A.B. asks: 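Here you go, one structure.
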Amino acid sequence: MTIKVSNLEGNELADGYTRKSVPKGRWADTWDVFKSNFLKFILLNLAVCVTFIPGVAVMFVRSNVYIASLGISGPFNPSLPYPFNPSTVGLSESITLSADLMAYALLFVAAFIASIGVSGAAYCVKKIINTHGECKVRDFFHGIKVCYFATVLPVTIFMAFMFSTAVVGDWMRLVIVTGGNKAGAITAYVFVIIATVLVGLFCGWLFAVGTGYKVKLVDVFKNALTLLIGTPLQTVFMAGFTLIPVWLFIIGGIARIIAYTLFVFIGFSFILLCWTAYTQWVFDLFVTPNLKPAETAKINKTEKQIAQERAEENRRTAMELLAAGKSELIARPIMPISQEPVIKIPAATFTRDDIGAAQIDREKLVAEVAAYERAHANDEVYAEYNKLFAEREKALRTDDKKGKKGKKISADNLLK
């Protein structure tokens, strides 16, 4: 199936690096990146965890403070005597509904804060994948600057549907307990769950396109919907795989303890890494990077060719440094300047014989300079200086007469 995207080619949100396809495969490459940059992913995860603290605090207050306090002070308290112990039918469900209305309203604010960490980490993970580990602290803050809106938009949309799912679920349970229309409540709950799942998948692509490309908002929505419709099975499978830490949390028991540990150390980074790797794989298939001819040629070269070019560049740089460092004023003897004129300067009026005499003096001077250079060529100061540069020139030759490879020389070790 051919997926037609709009205005994505050449508009990568990549400042300081270039997104490119990976010849050996995106998944194998991502696994190598993950193994070699494990500590960076842990640090990114800790940064994201800090921005999730408000959301965790809201849920803690909902479950362990608000609902618990109402249960202790309300009619659930067995110490209250009759007639202060009225009917409690539907009261628990009403309390839960009230708590969720308050908690999810506050979670919108917490989501805005959490988007700060997610946007910075998303940019860093994308850069690490495309550059094999090049990531600095300033990249995190740069990611917040360029990716925050593209992150908070899908997060807000998804939170709205999550809010609706929680409220409709609480309302359904209240209707069932109080003897209302069960069929209508259950149908509404099923439909809102389906809508939340579909919107969640769409928001995943909305997040990927928005944090990956510099395009207009309408193109972000259009391309996110196109990519979702074009890769439905792959998206569902990868969404399920990406959310493994969430499934462990939902299962409960020992799995929930494992989920807590994962979220503290690597859970958020794992989710971002898996989803980014998957979306980059899709972009490799349907979006061509806008590279210059020189960059394209470089990408198509093998690792051996790139290494040879790098070695040749090092040798060329070393030769330039060598040539710039060697001084002819020190490398060879120079006859001292005579105090008396060596070449007779013709007067204002001169004859052809005067010119001939000056030429003879000039030739005599050249011969004297050459004789002086030969006489003092083996002086210690000149011999040691020339020997030093002769050794460096010899070291720059990578192969000897027998074809054996010499030692590797670069601009860094030239003078060592």
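Side-chain atoms are counted along with the backbone in the values below, which use heavy atoms only and exclude waters and symmetry mates. Just so it is clear, the model here is predicted, and its values are computed rather than measured.
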A.B. asks: Decide if the gap between the ring center of F270 and the ring center of F34 is smaller than 6.0 angstrom.
C.D. replies: no

A.B. asks: Would you please name every residue forming a side chain to side chain contact (heavy atoms under 4.5 Å, CB included) with Y260, sequence neighbours left out?
C.D. replies: F249, R256

A.B. asks: Which heavy atom of A110 sits nearest a heavy atom of P54, and at what distance?
C.D. replies: CB-C, 4.0 Å

A.B. asks: Going from OG on S119 to NE2 on H142, what distance comes out if it is rounded to the nearest 0.5 angstrom?
C.D. replies: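 S119 atom OG to H142 atom NE2 measures 11.5 Å (nearest 0.5 Å).
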
A.B. asks: Within the 4.5 Å heavy-atom criterion, are L233 and F237 side-chain neighbours or not?
C.D. replies: no

A.B. asks: Compare all side-chain heavy atoms of T226 with those of K4 and state whether any distance is below 4.5 angstrom.
C.D. replies: no

A.B. asks: Side-chain contact test, heavy atoms from C-beta onward, threshold under 4.5 Å: evaluate it for I129 versus L273 and give yes or no.
C.D. replies: yes

A.B. asks: What I'd like to find out is whether the side chain of L8 reaches to under 4.5 Å of the side chain of V209, using heavy atoms alone.
C.D. replies: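 The answer is yes, as the side chains (C-beta and beyond) meet within the 4.5 Å cut-off.
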
A.B. asks: Between Y123 and T211, is there a side-chain heavy-atom distance shorter than 4.5 Å?
C.D. replies: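 No, too far: nothing below the 4.5 Å cut-off.
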
A.B. asks: Out of curiosity, T30 OG1 to H132 NE2, how far, rounded to the nearest 0.5 Å?
C.D. replies: 8.5 Å

A.B. asks: Using a 3.5 Å cut-off and no angle test, enumerate the donor-acceptor pairs between side-chain atoms of residues 37-49 and protein atoms at least two apart in sequence or in another chain.
C.D. replies:
{"unit_1": "N37", "atom_1": "ND2", "unit_2": "V33", "atom_2": "O", "d": "2.9"}
{"unit_1": "K40", "atom_1": "NZ", "unit_2": "G133", "atom_2": "O", "d": "2.2"}
{"unit_1": "N45", "atom_1": "OD1", "unit_2": "G267", "atom_2": "N", "d": "3.2"}
{"unit_1": "N45", "atom_1": "OD1", "unit_2": "F268", "atom_2": "N", "d": "2.6"}
{"unit_1": "N45", "atom_1": "OD1", "unit_2": "S269", "atom_2": "N", "d": "3.1"}
{"unit_1": "N45", "atom_1": "ND2", "unit_2": "F263", "atom_2": "O", "d": "2.8"}
{"unit_1": "N45", "atom_1": "ND2", "unit_2": "V264", "atom_2": "O", "d": "2.8"}
{"unit_1": "N45", "atom_1": "ND2", "unit_2": "F265", "atom_2": "O", "d": "3.4"}

A.B. asks: How long is the straight-line distance from CH2 of W281 back to CG of D284, given to the nearest 0.5 Å?
C.D. replies: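 Rounded to the nearest 0.5 Å, the CG-CH2 separation comes to 9.5 Å.
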
A.B. asks: Please round to the nearest 0.5 Å and tell me the distance separating atom CE of M172 and atom OG1 of T187.
C.D. replies: 10.5 Å

A.B. asks: Extract all donor-acceptor atom pairs below 3.5 Å that involve side chains of residues 194-205 and protein atoms in other chains or at least two apart in sequence.
C.D. replies:
{"unit_1": "T196", "atom_1": "OG1", "unit_2": "F161", "atom_2": "O", "d": "3.4"}
{"unit_1": "T196", "atom_1": "OG1", "unit_2": "T165", "atom_2": "OG1", "d": "2.6"}
{"unit_1": "T196", "atom_1": "OG1", "unit_2": "V192", "atom_2": "O", "d": "2.7"}
{"unit_1": "W205", "atom_1": "NE1", "unit_2": "T235", "atom_2": "OG1", "d": "3.1"}

A.B. asks: What distance separates L107 CG from D100 CG, expressed to the nearest 0.5 Å?
C.D. replies: 9.5 Å

A.B. asks: Looking at side-chain heavy atoms only, is the closest gap between V155 and V118 below 4.5 Å?
C.D. replies: no

A.B. asks: Could you check whether atom CD1 of I254 has more than 12 heavy atoms from other residues, nucleotides or ligands sitting under 6.0 Å from it?
C.D. replies: no

A.B. asks: I want to check something: taking the side chain as every heavy atom from C-beta on, are Q234 and M238 in contact at a cut-off of under 4.5 Å?
C.D. replies: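 With C-beta onward as the side chain, the pair stays apart.
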
A.B. asks: If you draw a 6.0 Å radius around CH2 in W31, do more than 12 non-hydrogen atoms from other residues or ligands fall strictly inside?
C.D. replies: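 No, CH2 of W31 has 12 or fewer neighbouring heavy atoms, counting only those of other groups under 6.0 Å.
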
A.B. asks: Could you check whether R173 pairs with D170 (Lys NZ or Arg NE/NH1/NH2 to Asp/Glu carboxylate O, under 4.0 Å)?
C.D. replies: yes

A.B. asks: Distance from W275 atom CH2 to F241 atom CZ, nearest 0.5 Å?
C.D. replies: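 Going from the CH2 atom of W275 to the CZ atom of F241 covers 13.0 Å.
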
